[in-house]
Amino acid sequence: MRKGLQNLVVLSHRFGLYYASKRINQFLETNVLASLNKQGLDDIFCGALAAALGSGKAEWDAVKFAASTIAYAVVHSENRLEAPTYASVNAHIAQTNW
């Protein structure tokens, strides 16, 4: 963070998600992803993060939204992993109070 890096997000399918900025150092455990096919999850995460930031969410809220998006995608996918809609993830977050 001293060399000019403003934000850092590290997504590990085995351990979880780490986020660091000048104000926040947080770890989210995402163990739902550990035993599943990971292909496509990174793309879904990045797309959800970009959508959340583009909609005006604060950085940490956007990271949590992206983590919720991949968890939702995994749980609600049957044979094929698909990115959920922005509205369905927001409804899921509101329902689970996360």
Side-chain angles (χ1 to χ4, degrees):
M1 304 302 279
R2 293 184 212 144
K3 299 280 184 183
L5 184 66
Q6 300 296 314
N7 301 295
L8 173 69
V9 178
V10 178
L11 177 62
S12 165
H13 298 292
R14 185 170 179 201
F15 300 108
L17 182 139
Y18 175 71
Y19 173 74
S21 71
K22 290 182 179 180
R23 297 170 311 201
I24 299 172
N25 268 336
Q26 288 288 334
F27 176 77
L28 287 175
E29 187 175 339
T30 55
N31 57 5
V32 70
L33 307 175
S35 63
L36 300 168
N37 180 0
K38 288 104 177 155
Q39 190 168 0
L41 288 180
D42 297 336
D43 294 334
I44 292 173
F45 179 86
C46 290
L49 182 62
L53 289 170
S55 73
K57 287 188 185 290
E59 294 162 359
W60 178 237
D61 292 334
V63 169
K64 290 192 303 183
F65 177 85
S68 294
T69 301
I70 57 174
Y72 183 92
V74 167
V75 170
H76 290 86
S77 294
E78 291 182 16
N79 297 331
R80 194 176 80 185
L81 186 64
E82 294 179 354
T85 65
Y86 191 83
S88 63
V89 175
N90 275 328
H92 174 72
I93 291 170
Q95 222 174 16
T96 58
N97 199 22
W98 191 63

Atom pair [atom1] ([X]) and [atom2] ([Y]), whose distance is rounded to the nearest 0.5 Å:
X   : Y   : atom1 : atom2 : answer
I70 : D43 : CD1   : CG    : 11.5 Å
L49 : I44 : CG    : CD1   : 13.5 Å
I93 : F65 : CD1   : CZ    : 5.5 Å
N90 : Q95 : CG    : CD    : 12.0 Å
E59 : K22 : CD    : NZ    : 10.5 Å

Distance-minimising heavy-atom pair for A48 and A66: CB-CA, 3.8 Å
Side-chain (S88) to main-chain (P84) donor-acceptor, under 3.5 angstrom: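 Pair absent, no side-chain N/O of S88 close to backbone of P84.
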Donor + acceptor pair across side chains of Y86, S55 (<3.5 Å): yes
